[in-house]
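Before any comments, here is the structure.
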There are 2 protein chains.
Amino acid sequence: MNRFLSHATNRIDSKGRVSVPSMFRSVLARSAVEELYVWQDFVFPAVSMAGPEVLERFERMIGSQDPFSLEANKMSLLIHGGGVFMKLDGEGRLLVTDFIRDFTGITDKVTFAGRGDHFQLWEPAAFEDMQSQARKDRTASS
Amino acid sequence: MNRFLSHATNRIDSKGRVSVPSMFRSVLARSAVEELYVWQDFVFPAVSMAGPEVLERFERMIGSQDPFSLEANKMSLLIHGGGVFMKLDGEGRLLVTDFIRDFTGITDKVTFAGRGDHFQLWEPAAFEDMQSQARKDRTASS
DNA sequence: CATCTTCCCATTGACGCCCATATTAGCCCA
DNA sequence: TGGGCTAATATGGGCGTCAATGGGAAGATG
């Protein structure tokens, strides 16, 4: 499978590390991704992860605008200032830095959620809430 | 990686120095940058830093315009009058001068923000505000 | 001579790399 | 079909190295 699907919750250890679910790691391995582009999501209180090609897609969006415009600068503030490259350790874990904690509210557990071409890190309760709310909205509107 | 990404906040010491995040220093080292071109940003209350090639790029922009035009003169006022060269000390720190403080409002802490081909120094609260505003704009428009 | 820089060294804590244990899932075979 | 046997995943921790920070003292500036 070449998509990020499903979700799982893992514990953060005493050194602040957490294992990326093997399901997701195998998708990354398939496209030979070494460094992950990680960004603070534009919509949800979650950080998103994907291969570097996503950053390049974002940069092409900016590149088509006037570089001195407020719009282009604000967008760069999000995708560059709100993004970082990370790598996993030998065991497929990543360090949950303040960059991630401050934005998501994650403390001791992480919910990994597949999003097709990328996956996200959520504070577990926040994920539950948002998912059940999304379900409710759907039901109400249809 | 060869881009300036992510953001981090460091403290200014009693001598007015602050460490440039190692992440940024390694990008600079990669292109063997010794002296940094520093300018007061055109859209945000932040100072921007990059290698000298950025100044050269700005100067080419001016060079392609009519030297008697108001536009070209205003541009020079910003990139020359609003810019300086700085270097880092042996430990990768820079001195936070009044040139930087007056324009940014920085007092005791600095938020470094990656912007792709350069990085910026912000007053921490100002950065938070501007970034969350940018995020709000995006959500509203989509 | 007083102040501001620059260069050097010390300390503390965080991070990267490596190896150990455990818990689970899958598999083989009698 | 039940009982292990094996492999892979999740998790825990040691230890060396590097980053961030603090401060002394020499050198430059006016």
Side-chain angles (χ1 to χ4, degrees), chain A residues 1 4-30 33-36 38 47 49 84-103 106-114 119-124 127, chain B residues 1 4-30 33-36 38 49 84-102 106-114 119-124 127:
Chain A
M1 183 48 58
F4 297 102
L5 289 180
S6 180
H7 67 271
T9 301
N10 286 342
R11 185 181 9 229
I12 299 178
D13 70 19
S14 61
K15 294 171 84 172
R17 301 169 300 187
V18 65
S19 292
V20 174
S22 68
M23 203 183 307
F24 293 172
R25 293 209 306 267
S26 65
V27 176
L28 293 172
R30 177 182 303 267
V33 171
E34 284 298 319
E35 280 195 308
L36 287 168
V38 181
V47 296
M49 309 187 122
V84 65
F85 277 108
M86 297 188 83
K87 356 183 255 186
L88 307 185
D89 70 12
E91 283 73 39
R93 290 176 286 196
L94 65 87
L95 194 69
V96 184
T97 60
D98 285 343
F99 180 87
I100 295 175
R101 293 178 191 269
D102 294 345
F103 191 75
I106 288 170
T107 56
D108 60 334
K109 285 181 181 177
V110 179
T111 293
F112 291 83
F119 63 92
Q120 299 183 316
L121 276 61
W122 287 74
E123 196 288 313
F127 176 74
Chain B
M1 185 43 53
F4 296 101
L5 286 182
S6 184
H7 66 268
T9 301
N10 287 342
R11 186 180 7 225
I12 299 178
D13 71 17
S14 61
K15 294 164 101 169
R17 301 170 300 185
V18 66
S19 292
V20 174
S22 67
M23 206 183 307
F24 293 172
R25 295 208 306 267
S26 66
V27 176
L28 293 172
R30 178 183 302 266
V33 171
E34 285 299 320
E35 278 196 311
L36 287 168
V38 182
M49 306 186 138
V84 292
F85 278 110
M86 296 188 84
K87 0 183 253 187
L88 307 185
D89 70 13
E91 281 72 40
R93 290 178 284 200
L94 64 87
L95 196 64
V96 184
T97 60
D98 286 343
F99 177 86
I100 295 174
R101 292 178 192 269
D102 294 346
I106 288 170
T107 56
D108 61 333
K109 285 182 180 175
V110 179
T111 293
F112 291 83
F119 64 92
Q120 300 183 315
L121 277 61
W122 288 73
E123 197 287 314
F127 175 75

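Note on naming: letters A, B, ... go to the chains in the order of the sequence lines (proteins, then strands), and numbering restarts at 1 for each one.
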| field | Contact boundaries on DNA chain C for chain B, cut-off under 4.0 Å to non-hydrogen atoms | value | dT5(C) to dC9(C)
Using a heavy-atom cut-off of 4.0 Å across all strands, would you classify [X] as base, sugar-phosphate, or nothing?
X: Ser19(A); answer: base
X: Arg11(A); answer: sugar-phosphate
X: Asp13(A); answer: sugar-phosphate

Take the protein atom [atom1] of [X] and the nucleotide atom [atom2] of [N], then report the distance between them rounded to whole Å.
X: Leu94(B); N: dT21(D); atom1: CG; atom2: P; value: 12 Å
X: Asn10(B); N: dA20(D); atom1: CG; atom2: P; value: 6 Å
X: Arg17(B); N: dA20(D); atom1: CZ; atom2: C1'; value: 11 Å
X: Arg93(B); N: dA19(D); atom1: CZ; atom2: C1'; value: 11 Å
X: Ile12(B); N: dA20(D); atom1: CD1; atom2: P; value: 15 Å
X: Asp98(A); N: dA19(D); atom1: CG; atom2: P; value: 19 Å

| field | Spacing of Leu121(A) atom CG and Thr111(A) atom OG1 [to the nearest 0.5 Å] | value | 9.0 Å
| query | When rounded to the nearest 0.5 angstrom, what distance separates CE in Met49(A) from CG in Leu36(A)? | reply | 5.5 Å
| note | Protein-proximity profile, nucleotides 25-30 of chain D, B/S/- by nucleotide at the 4.0 Å heavy-atom cutoff, equals B-----
| Residue pair Met23(B) / Ser6(B): nearest heavy atoms and the distance that separates them |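 Taking every non-hydrogen atom into account, SD-CB, 4.0 Å.
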| message | Quick check: do Val47(A) and Ile106(A) have side-chain heavy atoms less than 4.5 Å from each other? | response | no
| query | Do the rings of Phe24(B) and Phe112(B) sit parallel, tilted or perpendicular, given the 30° and 60° boundaries? | reply |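 Perpendicular, since the angle between the ring planes exceeds 60°.
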| request: For Leu94(B) and Val18(B), run side chain to side chain contact (heavy atoms under 4.5 Å, CB included): C-alpha distance rounded to whole Å, both residues' side-chain angles, the deciding distance at 0.1 Å, then the answer. | output: CA-CA 6 Å; Leu94(B) 64 87; Val18(B) 66; 4.1 Å; yes
| message | Quick check on DNA chain D: between Ser14(B) and Thr9(A), whose nearest nucleotide comes earlier from the 5' end? | response |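 Nearer the 5' end of the strand: Thr9(A).
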| Any Arg25(B) side-chain nitrogen or oxygen under 4.0 Å from OP1 or OP2 of dC18(D) |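 Checking Arg25(B) against dC18(D): no side-chain N or O falls below 4.0 Å of OP1 or OP2.
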| Aromatic ring proximity Phe127(A)/His7(A), centre distance under 6.0 Å |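 Yes, the ring centres sit under 6.0 Å apart.
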